[in-house]
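Keep in mind that this is a model prediction, so the values were computed, not measured. Chain letters run A, B, ... following the sequence lines, proteins first, then strands; residues in each count from 1.
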Number of protein chains: 2
Amino acid sequence: MKTELIALDWGTSSLRAYRLGAAGQPIEERSLALGIMQLDGGDAGFEGALQQACGDWQKADPHAPLIACGMVGSQQGWREAAYVQAPLTAADLGAALRPVERAAGMPLWLVPGVIQRGALPNVMRGEETQVFGLLEERSQEQGSLLIGLPGSHSKWVTVEQGRLSRFHTFMTGEVYGALLAHTILGRTAITRDAFDAQAFERGLRVAQSSDGRGGPLSTIFSSRTLVLTGALSGEAQPDYLSGLLIGHELMAMRALCQASADQPIVLIGNGALCSRYLWALEHCGFESLSFAPQATVTGLWTIAVNAGLVGAASGGYGHV
Amino acid sequence: MKTELIALDWGTSSLRAYRLGAAGQPIEERSLALGIMQLDGGDAGFEGALQQACGDWQKADPHAPLIACGMVGSQQGWREAAYVQAPLTAADLGAALRPVERAAGMPLWLVPGVIQRGALPNVMRGEETQVFGLLEERSQEQGSLLIGLPGSHSKWVTVEQGRLSRFHTFMTGEVYGALLAHTILGRTAITRDAFDAQAFERGLRVAQSSDGRGGPLSTIFSSRTLVLTGALSGEAQPDYLSGLLIGHELMAMRALCQASADQPIVLIGNGALCSRYLWALEHCGFESLSFAPQATVTGLWTIAVNAGLVGAASGGYGHV
C-alpha cells in the first residue's frame, strides 16, 4: 500500500516511526532507541537516525512527506520549531511547521511546541499533537474537555470548541523519581514491580485530608516516618508516595481548573500510569472519565492535513 | 577552670564538643568532621572519635559527665535512644537518657529524639535539645511560642507553657537540593554564592499568589519556563526556586499551625538560612519575629541538670 505520510514521534529517549496510508491509516510502525539524547547531534546524526528508522519507506515512496513532533523540534533537537502561543487550533499548528531541508529526499516538517504566556509561562512539546489527535478522534464532542497527560511532567489541558485554550504542568513524575533516588526517602523504600493498591489509596487519602494542607513538602516525610514506626512496609512506601504526590497534583489541578465533579476528563498515555490517575480521579470524586492509549498518530495526520502536506482528513486510527 | 559537663552535638556530618564549667558556662569548643556517617561504626569507631574530640578534657577531669544529642542516638548511631512521645518537657527528656557504658571513663548519656504519634507520625532528633535550650534562655516567656528550625528538614515546633506540644516537618531543603541536582530544573540553573534578593522575593510572591494554589509540584516548573522565555536569568533561578519552596512551606505552616499574624515566632539555626526565613515570614505578614543563632549548648546543660548529671541549673550561655 502506498505511503501517504511518514509520521514520527521523536522524543528525548525514543523515535517512533509510522507509515500511514490513505486517510491516515497506519500500515507499519517501528520503535527505535534513537531519542535526541542518544544522538551525537548535528545533521549527520539526525539524518542517520531518520534513515535507520524509515530509509526504506522513503526509497519505496520518494514523494511521501515527512512530519515529526516532540523534542526533535526543541533547542536541543534537529532544528528549533518556535513555540506557537495558546489558545490555538490544529490549523495554527499546521501553519507553523518548521521544515528541515535535507541533502536528499523530502524535507522533514517539525511540529512546534505550544507556549502559554503570562506571569508563569508554560510550555509543552509533543503533547499538543496528542491533544489534536484526540479531538479528531472524538470530533462529535463539543463544549469544554479536560485532557490529562500523565508523565514525568504531567499536563492538564483545557480544550474549548476545538481550541487548546490553556494548560498546567505538574512535575509529579520527575519529582517522584528524584525523591526516591536522591533523598532520605529512598533509604527505607524497597522498589518492586507489583502495584500496592492499598498503599497508593492511603497516599491519596492523606493528600485529601486535613493533613494534606501541609502540601507535598510536608506529607512526603510521612512516607519515611510510617515505615520507621512500622505502620507501612518499605515495599509499600513507593506506592504510598505515588498516591501522595498524585493526590496533591489532582487537588491542585481541581483548584486551578475550577473543575466540577461532572467535568468530562480524558486521559492519554501509558496504560499503567493512566490507571493510577483514573483511580485517583475517581477517588477525588470526578464522574466523567475516559481513557485513550495514544493519539499521536492521528494528531500528526491531522496537522499534516492542516498544513496541506496530505489530502483531506479522515483519521481516527490510533493503532497499527 | 574545672569541667562540669562535656556536651556533644553529634550529628550526621559533624561532631561538636563543648567543655562547660560552673552553671553551664562554655569554656572551650571544638568542631570535627566526625559525624556518624564519617565513622566506620562499632564501639571502636565511636570511642575513637570521642577520644579525638575530648580525650584530654576527660583526662584532666575524669569525673566530668558526658552527654550527647543528635543522630549519635539514632538506629545508625552508637546506641539507639528510643524516641520520647510529645507533648513533653525537659524533665521528660532528662529522665529518658540512654547511657553508653564505655571500657574506661564515664558513660556517655544520649538524649532521645521526640516522636509525635498519629495518622502521620513525625520525628525529630537533635532539634528537641535546641528547643529546650531556647526555652531556658527565654525563661521569662509564657504562653504559646512557635519555633522554626530551618534546614534540610525544617521543623516547626509549638511550645505551650514550657512543653513541646506538637511539631511539623517540611523537607524543603533536601527537596531544593534534589530538584537542582537531579531534575531538569538544574539544566538551566547557574549556582553562585551571591544571594539574589529580588529573585527570592519573586518566588515568595508566586507561592502566595493565586498561581500558588498549584502547589510546589506545579510552580517549580516556572523556574525553568521563566528562564526559557528570558524572564529570569539562570543565575537567578536557584534563589527564585528557594523563594518558591520556602513560600509554599510558610503558607502550609500557617494553615497547619493556624498561626495568626501576631504569633510570636523564633528561628534557631544557621544565620544565612534563617535570614531567608525571617524575610519570608515578614513577607507573609508575621509581625513578632526573633532569631537565636543556636541553643544546643544550653539545651544539653538543661537536660543534664534535669537528669541529675550536674548541679542546679542556671544556663543561658549560648556561645563560647
Taking A:Ser210, A:Gly214, A:Ser222 one by one, which has the highest count of heavy-atom pairs under 4.5 Å against chain B?
-> A:Gly214

Name of the residue among A:Leu179, A:Thr183, A:Leu217, A:Leu185 meeting side-chain contact (heavy atoms from CB on, under 4.5 Å) with B:Glu174 = A:Thr183

Taking every non-hydrogen atom, the tightest pair across A:Asp211 and B:Leu256 = O-CD2, 4.2 Å

OG of A:Ser218 to CD of B:Glu249: how many Å apart, nearest 0.5 Å?
-> 9.0 Å

What pair of heavy atoms forms the shortest contact from A:Ala252 to B:Arg213, and how long is it?
-> CB-O, 3.6 Å

Looking only at B:Ala178, B:Pro216, B:Ser223, the option with the highest number of non-hydrogen pairs under 4.5 Å against chain A is B:Pro216

Which bit of A:Ile184 is near chain B, if near means a heavy-atom gap under 4.5 Å: side chain, backbone, both or neither?
-> both

To the nearest 0.5 Å, what is the distance between OG1 (B:Thr219) and CE (A:Met171)?
-> 10.5 Å

Tabulate, in ascending numerical order, the residues of residues 197-209 of chain A having at least one heavy atom closer than 4.5 Å to a heavy atom of chain B, or enter 'none'.
-> A:Val206

Name the region of A:Ala231, side chain, backbone, both or neither, that has any atom closer than 4.5 Å to a heavy atom of chain B.
-> neither

Portion of A:Val123 that has a non-hydrogen atom of chain B nearer than 4.5 angstrom = both

Flag side-chain contact, heavy atom, 4.5 Å: A:Pro121 against B:Leu228 = no

Using non-hydrogen atoms and a 4.5 Å limit, figure out which bit of B:Ala181 sits close to chain A: side chain, backbone, both or neither.
-> neither

According to the interplanar angle, ranging from 0 to 90°, do the rings of B:His182 and A:His182 count as parallel (below 30°), tilted (30 to 60°) or perpendicular (above 60°)?
-> parallel

Measure A:Thr172 against the heavy atoms of chain B and call it side chain, backbone, both or neither at under 4.5 Å.
-> both

Just do the side-chain contact (heavy atoms from CB on, under 4.5 Å) check on B:Thr225 and A:Leu120 with the steps written out, would you?
-> CA-CA 8 Å; B:Thr225 58; A:Leu120 301 192; 5.8 Å; no

A:Arg117 versus chain B, the contacting section by heavy-atom distance below 4.5 Å | side chain

Most chain B-contacting option - heavy-atom pairs closer than 4.5 Å, from A:His168, A:His153, A:Gln75 = A:His153

So B:Val175 and A:Ile220, side-chain contact (heavy atoms from CB on, under 4.5 Å) or not? Walk me through it.
-> CA-CA 10 Å; B:Val175 168; A:Ile220 55 174; 3.9 Å; yes

